Each structure stands twice: as C-alpha cells, then as structure tokens.
K.L.:
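Before I ask anything, let me first share the structure, which is written out below as structure tokens.
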Amino acid sequence: MQQLGRGTQKKIRGTWYHHAKHEYTYETYWSNRAGGNELRYSKNAHAYFKFPAHGISNAKYRHLGKHIYQLSGVDMLGKRDTFKIRFVKGYLYDDHVKYSRHRPGRIISEASPNI
C-alpha cells in the first residue's frame, strides 16, 4: 500500500465550482486543508456571496491510480474524515459531482446577513 503524502497535489489546489440548476457550490483545496460550502446570489450586490468553507484540516493524500486521490484529515468536530476525488482533463469529480474552475460571476468573499 502506498504511504500517505503530505498536503494536496498542486494540480488540485485552488477553488472549484459546481452549478446545479439555480445554485452554486464550491470546494477549495489548500496545501493542507480542504473545504467547501455554497454560493448564494444577491440581487442587491449583483454578485455571489461565498459562505465560509468547512471541511478537513491536516490533509494527507494517497494516489490510488487512474487519476483518483484519497484525501484524509480531521474535520471540525475532531473526527477523522476520508474521501476520494478524481481529477480528469481539468475537471474534478467528488461523489459523482463535476467541478470546474469556471466561476459563476462576481464573487464577494464573505456572506452578508442582508442577502
């Protein structure tokens, strides 16, 4: 069995977006963390608000072959969490959900209570 590598692969790092009908979600992969949440559109600001990401910290990865990576780390509650992602031709797949680097439009990093 292959040992766990430290951090996240560089080609996976960054923010990935998923569009499902009328809502967007995002996943962000840093060197040693991963997290995501939803984007919500505000008609007043004509922009998407990015809600704070929650996910895993102290991330380690394992390459399982055929562009599949297993990430494991500690979630917000202190429990171990492991999941698989697949990187194919510039897209990221997580639980059969396709993410791309294409942003939905203007994004404001912190959500306002007056959305």
Side-chain angles (χ1 to χ4, degrees):
M1 185 186 307
Q2 189 179 13
Q3 289 186 338
L4 290 173
R6 291 187 149 279
T8 307
Q9 290 282 21
K10 287 187 179 180
K11 63 184 173 185
I12 296 172
R13 290 182 196 173
T15 303
W16 298 83
Y17 301 95
H18 170 68
H19 180 248
K21 295 194 179 181
H22 300 292
E23 63 182 48
Y24 276 93
T25 59
Y26 75 94
E27 292 286 332
T28 302
Y29 295 91
W30 295 274
S31 62
N32 63 352
R33 294 183 293 142
N37 208 333
E38 65 179 307
L39 298 170
R40 196 165 294 162
Y41 187 74
S42 169
K43 291 181 182 178
N44 297 337
H46 301 289
Y48 286 90
F49 285 97
K50 184 186 270 191
F51 285 85
H54 55 273
I56 62 171
S57 59
N58 299 326
K60 293 179 175 54
Y61 76 93
R62 177 180 293 147
H63 182 253
L64 301 177
K66 296 190 179 184
H67 312 289
I68 299 173
Y69 297 89
Q70 176 180 316
L71 267 72
S72 62
V74 180
D75 68 9
M76 296 184 326
L77 302 174
K79 295 182 180 179
R80 199 98 179 112
D81 191 14
T82 301
F83 58 94
K84 293 178 185 175
I85 57 175
R86 185 173 185 188
F87 179 79
V88 180
K89 296 182 182 177
Y91 292 99
L92 193 70
Y93 296 88
D94 178 12
D95 290 331
H96 306 290
V97 176
K98 182 178 180 180
Y99 290 88
S100 73
R101 298 267 190 189
H102 180 72
R103 294 169 52 148
R106 196 176 87 147
I107 293 177
I108 299 174
S109 63
E110 294 194 13
S112 168
N114 303 337
I115 294 179

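In what follows, every heavy atom counts, from backbone to side chain, and hydrogens, waters and symmetry copies are set aside. Note that the structure is predicted; figures quoted are calculated from it, not measured.
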K.L.:
Examine Tyr91 and Ile85 and state if one hydrophobic cluster contains both, with Ile, Leu, Val, Met, Phe, Trp and Tyr joined whenever side-chain heavy atoms are less than 4.5 Å apart.
P.N.:
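Different clusters.
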
K.L.:
What's the separation between atom CG in Asp75 and atom OG in Ser57, rounded to the nearest 0.5 Å?
P.N.:
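The CG atom of Asp75 sits 8.5 Å away from the OG atom of Ser57.
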
K.L.:
Indicate yes or no: at least one non-hydrogen side-chain atom of Thr25 is less than 4.5 angstrom from one of Tyr99.
P.N.:
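Answer yes - side chains close enough.
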
K.L.:
Ala45 and Ile108: which non-hydrogen atoms are nearest, and at how many Å?
P.N.:
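Looking at all heavy atoms of both residues, the shortest contact is CB-CD1, 4.1 Å.
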
K.L.:
Hey, are the side chains of Ser72 and Asp81 touching, using non-hydrogen atoms and a 4.5 Å cut-off?
P.N.:
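A side-chain contact under 4.5 Å is absent here.
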
K.L.:
Let me see the working for Arg13 and Trp30 under side-chain contact (heavy atoms from CB on, under 4.5 Å), right down to the final yes or no.
P.N.:
CA-CA 5 Å; Arg13 290 182 196 173; Trp30 295 274; over 6 Å; no

K.L.:
According to side chain to side chain donor-acceptor pair (under 3.5 Å), who are the partners of Thr15, at least two apart in sequence or on a separate chain?
P.N.:
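Side chain to side chain donor-acceptor pair (under 3.5 Å) list for Thr15, sorted by chain: Thr28.
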
K.L.:
Measure the shortest side-chain to side-chain distance between Gln70 and Ile68 over non-hydrogen atoms and say whether it is less than 4.5 angstrom.
P.N.:
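No, their side chains stay 4.5 Å or more apart.
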
K.L.:
Are Phe83 and Ile12 co-members of a hydrophobic cluster defined by side-chain heavy atoms under 4.5 Å apart?
P.N.:
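In one cluster with Ile12: Phe83, yes.
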
K.L.:
Would Lys50 and Tyr24 count as a side chain to side chain donor-acceptor pair (under 3.5 Å) here? Give the steps.
P.N.:
CA-CA 10 Å; Lys50 184 186 270 191; Tyr24 276 93; over 6 Å; no

K.L.:
Let me see the working for His46 and Tyr41 under side-chain contact (heavy atoms from CB on, under 4.5 Å), right down to the final yes or no.
P.N.:
CA-CA 7 Å; His46 301 289; Tyr41 187 74; 3.8 Å; yes

K.L.:
Taking atom NZ of Lys98 and atom OH of Tyr93, what is their separation to the nearest 0.5 Å?
P.N.:
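So the gap between those two atoms works out to 4.0 Å.
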
K.L.:
So how far is it from Leu39 CG to His18 NE2, rounded to the nearest 0.5 Å?
P.N.:
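Answer for the CG-NE2 pair, Leu39 versus His18, is 11.5 Å.
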
K.L.:
Would the distance check show the side chain of Tyr26 and the main-chain N or O of Gly35 forming a donor-acceptor pair, the cut-off being under 3.5 Å?
P.N.:
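No; zero donor-acceptor contacts below 3.5 Å.
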
K.L.:
Is the shortest heavy-atom distance from the side chain of Tyr29 to the side chain of Leu92 under 4.5 Å?
P.N.:
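SC-SC contact between Tyr29 and Leu92 confirmed.
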
K.L.:
Hydrogens and angles aside, do Tyr69 and Lys11 bring a side-chain donor and acceptor to less than 3.5 Å of each other?
P.N.:
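Judged by distance alone, the side chains do pair up.
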
K.L.:
Quick check: do Asn37 and His54 have side-chain heavy atoms less than 4.5 Å from each other?
P.N.:
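Asn37 reaches His54 side chain to side chain.
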
K.L.:
Do Val74 and Lys79 come within less than 4.5 Å of each other through their side chains, counting heavy atoms only?
P.N.:
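With C-beta onward as the side chain, the pair stays apart.
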
K.L.:
Looking only at heavy atoms, what is the nearest atom pair of Gly90 and Trp16, with distance?
P.N.:
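That closest heavy-atom pairing would be O-CZ3, 3.3 Å.
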
K.L.:
Quick one: are Leu64 and Lys84 in side-chain contact, heavy atoms under 4.5 Å?
P.N.:
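The answer is yes; the side chains approach within 4.5 Å.
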
K.L.:
Are any of the side-chain heavy atoms of Tyr17 and Arg101 separated by less than 4.5 Å?
P.N.:
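Side-chain contact under 4.5 Å: no.
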
K.L.:
Can you get from Val97 to Leu71 by hopping between Ile, Leu, Val, Met, Phe, Trp and Tyr side chains that sit under 4.5 Å apart?
P.N.:
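Same hydrophobic cluster.
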
